[in-house]
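Order of listing sets the numbers, starting from 1, for every ligand and every atom in it. Owing to the predicted nature of the structure, the values given are computational and were not obtained by experimental measurement.
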Amino acid sequence: MKKRILSGMRPTGPLHLGHLVGALENWAKLQEEYDCLFMVADWHALMSEYENTADLSGLIIDNVIDWISAGIDPRKSTLFIQSDVPEHLELYMIFSCLTPLGWLERCPTYKEQLREVKTRNLNTYGFLGYPVLQAADILLYKADKVPVGQDQLPHLELTREIVRRFNSLYRIANGADKKELFPEPEALLTKTSRLLGLDGRKMSKSYNNTIILADSAETIKKKVQNMFTDPKRIKLSDKGHPESCNVFSYYSIFADGIKNEVHDWCVNAKVGCTECKKNFSRELIEKLKPLQEKRKELVKDKIKVKNILAQGAEKAKASASKTIKEAREVMKI
Ligand code: TRP
């Protein structure tokens, strides 16, 4: 039997290059080896975006269009929307009863968000419980592994603590032995991507420094043309320093095959930065072409995407309802 993977993404905006190299390409590979469930975490999005819900349903479909276009294959993996499977909330409720407040209040991601986020009020009951819902997402399917970035490790650790607490309180009667209901899931740490934003800061929707997967060729050209290059290279005849050039790091991620050639252009002052950036846009546009073509088709056929998600929810539900039944049994409720 294949090991099971669950991962999720919050639908909080259109997907960009960071999502492609930081999550989607990795998911696409994993589906060859594992039984994968990929979930749109819309309840999690709601926990921070509850004041602005009008775009949510459109964003969900738009994000899933990108998933499929990037190679997440509904024939291999189960794609679904969290809120289509109500069992998530049932397990979340159960876990919330046995999760001490201190675990949640101490969670570093929680403390950081409360400190950093100024545009929304996150001082809510729901937001504090964010990791409890995430634990329910994972345990509902008894996932063995959870592909996540570094930033999610505290949530994975909390999930494991919740599992241990649940298992120590309730066990499956199994003759003289008692068996544990939930396995402890492991994080499958995604290599941190070296990809920075177009302006050299951390890539983030709120800095407006991303290339959106749906951006037109024209937009991509403009955005790339505005990127900073090596600040020490002022004249064409100055020799450049690719190691400190953000455009060069984009080459190494998206056009690795010609990296050495571009390195030579730069260190030997053979090609200027403007030309080098023009060339990079051409490479990137070419690289995104298959994804964007698939995307265009799916945008015209949203019904198809909705059907994929409905079927995914069905499949997820079969597994989820079994787990809830077992949880109720061991808890005798
Ligand atoms: N919290 C995750 C993030 O922001 C999204 C998420 C929700 C998730 N439920 C999950 C990730 C379950 C992995 C497993 O990226």
Assess whether side chain to side chain donor-acceptor pair (under 3.5 Å) is satisfied between Asp137 and His88, documenting all intermediate values.
-> CA-CA 6 Å; Asp137 298 339; His88 286 256; 2.8 Å; yes
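- Residue Val146 approaches ligand 1 through these ligand atoms, each under 4.0 Å from one of its heavy atoms: 13 (C), 14 (C).
- Between His16 and His19, the two ring planes are tilted [angle within 30° to 60°].
- Partner of Asn209 under the side-chain contact (heavy atoms from CB on, under 4.5 Å) criterion, chosen from Lys223, Met227, Met203: Met203.
- At a 3.5 angstrom cut-off on N or O pairs, Ser7 does not count as close to ligand 1.
- By the neighbour-count criterion of 12 heavy atoms within 6.0 Å, atom CD of Glu314 is sparsely surrounded, having that number or fewer from other residues, nucleotides or ligands.
- For ligand 1, the atoms closer than 4.0 angstrom to any heavy atom of Ala41 are 7 (C).
- The protein non-hydrogen atom at the shortest distance from atom 8 (C) of ligand 1 is Gln134 NE2, 3.6 Å.
- The protein heavy-atom contact nearest to atom 7 (C) of ligand 1 is His44 ND1, 3.3 Å.
- Taking the centre of each ring, Phe280 and Tyr251 come in below the 6.0 Å mark.
- Atom 3 (C) of ligand 1 has as its closest protein heavy atom Gln152 NE2, 3.4 Å.
- Looking at Arg10 against ligand 1, only its side chain comes within 4.0 Å, counting heavy atoms.
- In the vicinity of Met39, heavy-atom distances shorter than 4.0 Å reach the ligand 1 atoms 9 (N).
- In this structure the side chain of Tyr250 reaches within 4.5 angstrom of the side chain of Leu17, judged on heavy atoms.
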Given Glu25 and Lys287, is the salt bridge (charged side-chain N to carboxylate O under 4.0 Å, His left out) satisfied, shown in steps?
-> CA-CA 13 Å; Glu25 289 185 342; Lys287 153 111 188 177; 3.6 Å; yes
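- For atom 5 (C) of ligand 1, the closest heavy atom belonging to the protein is Gly8 O, 3.6 Å.
- The shortest N or O to N or O distance between Asp137 and ligand 1 is below 3.5 Å.
- Against a heavy-atom cut-off of under 4.0 Å, Leu6 is close to the following atoms of ligand 1: 12 (C), 14 (C).
- Other residues, nucleotides and ligands contribute at most 12 non-hydrogen atoms within 6.0 Å of the CE atom of Met93.
- When hydrogens are left out, the protein atom nearest atom 1 (N) of ligand 1 is Tyr130 OH, 2.7 Å; that is the closest non-hydrogen contact.
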